[in-house]
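Below is one structure, written out as structure tokens, with a few remarks after it.
Treat the numbers as computed from the prediction; the structure is a model and nothing was measured. Chain A is the first sequence line, chain B the second, and so forth, proteins listed ahead of strands; every chain is numbered from 1.
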2 protein chains.
Amino acid sequence: MSGSMRIGVLAERAGVSTRALRYYEEQGLLSPERTPSGQRLYPEDAVERVEIIRGFYAAGLNSATIAAILPSVDAGRAEPGVLERLRTERTRIFASIAELQEAGRRLDQVIRLTVHPDPEHCPALRGQEPAAAGPAGP
Amino acid sequence: MSGSMRIGVLAERAGVSTRALRYYEEQGLLSPERTPSGQRLYPEDAVERVEIIRGFYAAGLNSATIAAILPSVDAGRAEPGVLERLRTERTRIFASIAELQEAGRRLDQVIRLTVHPDPEHCPALRGQEPAAAGPAGP
DNA sequence: CTAAGACTTGACGCCGACGTCAAGGGCAAG
DNA sequence: CTTGCCCTTGACGTCGGCGTCAAGTCTTAG
């Protein structure tokens, strides 16, 4: 059947290692079925599930937190306790985004100044010119 | 003089541990002066510098990368080799932001559906109702 | 002066998400 | 049957950004 795959196929399709998939299972994030001989069998939608999991890891959540919220993400609704958790993590994530944006802007600034060494926008050169409006003087 | 401070003061003002400050120095990110007896003395702007460093760490850069780009960030312009590095990291950061935004949206979705359990927006309940526009039927 | 605290270097500890090796079992092709 | 590849569990290794003692030195309030 094309509706299930073994660990190597899922690993390739999801872009992760087989070791990572076993680790996710150990952490309670995946629960594949088993063939009689013990090999793992994953359904098709495991690919998307793994991508979601990796997204949460990338967002700074640890295994326990992901395990706590993943059922609610699947269900599309959360119990009160989990809801608070979701809000906490949401806040963390958006705060983190703001930090990343600031770091990104800082790099952009240096890149721009390097590519366009424009004294008009260089604070170190401000206040040394008279109040001339035009770029080439009057 | 108020123009320099010892490590404990900087740590408190920058919101990091003294251990972290010594580590940053070990990684070449800070180069405080020393009193004759060997105690570190930081200038005022070290507070901002530490905040910048922490921002880069939060953005996923490691010590070596930060050490490589920090002089250019200070100077506001970069040598060609460093410029490429800046662009690489910039790309990484904004890709990371996009991932975080997706994770955040996913959490928001669950939060919204939990707070407003609106069948109009619940895919699992779509296509089971006849094409009725009003929420309470005709 | 003295005592308390802030400071120094040095070195080991930690933790989490895997990497990696080891030693075997399962399974389709020829 | 064998060959070769994928799979299994188990267990140890890694790495980076610090935390955390340890043992001694400096500074400053009183």
Side-chain angles (χ1 to χ4, degrees), chain A residues 1-2 4-42 46 49-70 89 92 96 99 103, chain B residues 1-2 4-43 46 49-70 89 92 96 99-100 103:
Chain A
M1 237 184 257
S2 69
S4 58
M5 49 194 153
R6 295 193 299 176
I7 195 171
V9 176
L10 175 58
E12 178 152 356
R13 289 180 55 181
V16 301
S17 67
T18 61
R19 177 66 176 91
L21 293 177
R22 296 195 188 96
Y23 178 75
Y24 297 163
E25 181 176 356
E26 193 180 319
Q27 302 301 307
L29 310 180
L30 294 175
S31 301
E33 295 181 3
R34 299 292 186 127
T35 68
S37 68
Q39 301 202 347
R40 293 170 177 82
L41 279 186
Y42 299 88
R49 191 179 179 84
V50 170
E51 287 166 356
I52 292 175
I53 291 171
R54 297 224 85 244
F56 285 147
Y57 275 120
L61 312 198
N62 60 22
S63 298
T65 303
I66 298 176
I69 73 177
L70 205 50
E89 296 305 327
R92 261 192 10 73
S96 179
E99 271 189 313
Chain B
M1 243 184 246
S2 69
S4 59
M5 49 194 152
R6 295 194 300 175
I7 196 171
V9 176
L10 175 58
E12 178 152 357
R13 288 180 54 182
V16 301
S17 66
T18 61
R19 178 65 176 93
L21 292 177
R22 295 196 189 96
Y23 178 74
Y24 297 162
E25 181 175 356
E26 192 180 320
Q27 302 302 307
L29 310 180
L30 294 175
S31 302
E33 296 182 3
R34 300 292 186 127
T35 68
S37 68
Q39 301 203 346
R40 293 169 177 83
L41 278 185
Y42 298 88
R49 191 180 180 84
V50 169
E51 288 166 354
I52 292 175
I53 291 171
R54 297 224 86 244
F56 285 147
Y57 274 120
L61 311 198
N62 59 25
S63 299
T65 303
I66 298 176
I69 73 177
L70 205 50
E89 296 304 327
R92 260 190 14 71
S96 179
E99 271 190 314
L100 291 208

Looking at every strand, decide which applies to B/Arg22 at a 4.0 Å heavy-atom threshold: base, sugar-phosphate, or nothing.
-> base

Could you please name the option among D/dT8, D/dT27, D/dC7 that lies closest to any side-chain atom of A/Arg40?
-> D/dT8

Judged by nearest nucleotide, the residue sitting upstream toward the 5' end of DNA chain D, B/Tyr23 or A/Ile7, is A/Ile7

Between D/dT9, C/dA17, C/dG25, which one does the side chain of A/Tyr57 approach most closely?
-> C/dA17

Are any of the side-chain nitrogens in A/Arg54 or B/Glu99 under 4.0 Å away from the carboxylate oxygens of its partner?
-> no

Would you indicate whether the side-chain heavy atoms of B/Arg92 and B/Leu61 approach each other to under 4.5 Å?
-> yes

Roughly, in whole Å, what's the span from CD in A/Glu25 to C1' in D/dG10?
-> 15 Å

Which comes earlier along DNA chain C counting from the 5' end, the contact point of A/Ser37 or that of A/Arg19, where each point is its nearest nucleotide?
-> A/Arg19

Across the strands shown, which category fits B/Ser17 at heavy-atom distances under 4.0 angstrom: base, sugar-phosphate, nothing?
-> sugar-phosphate

Whole-Å distance between D/dC6 C1' and A/Leu21 CG?
-> 14 Å

Just how far, in rounded Å, is C1' of C/dG5 from CD of B/Glu12?
-> 15 Å

What is the distance from CG of A/Leu61 to C1' of C/dG16, rounded to the nearest Å?
-> 14 Å

Round to a whole Å and report the spacing from CD of B/Gln39 to C1' of C/dT9.
-> 13 Å

Compare every heavy atom of A/Ala11 with every heavy atom of A/Ser17, then report the nearest pair and how far apart it is.
-> C-CB, 4.1 Å

Checking side-chain hydrogen bond (donor to acceptor under 3.5 Å, both in side chains) for the pair B/Arg13/B/Tyr42: CA distance, chi angles, key distance, verdict?
-> CA-CA 12 Å; B/Arg13 288 180 54 182; B/Tyr42 298 88; over 6 Å; no

Picking from D/dC18, C/dC18, C/dC7, which would you name as closest to the side chain of A/Tyr24?
-> C/dC18

Could you pick out which residue, B/Thr35 or B/Asn62, lies toward the 5' side of DNA chain D when each is mapped onto its nearest nucleotide?
-> B/Asn62

note: B/Arg6, atom CZ; C/dG5, atom P; distance rounded to Å ~ 14 Å

If you look at every strand shown and take non-hydrogen atoms under 4.0 Å, does A/Thr18 touch a base, only sugar-phosphate, or nothing?
-> nothing

Value in whole Å for how far the P atom of C/dC7 lies from CE of B/Met5 | 12 Å

Let me know the distance between CZ of A/Arg34 and P of C/dC27, rounded to the nearest Å.
-> 14 Å

Identify whether the distance between the nearest side-chain nitrogen and carboxylate oxygen of B/Arg49 and B/Glu25 falls below 4.0 Å.
-> no

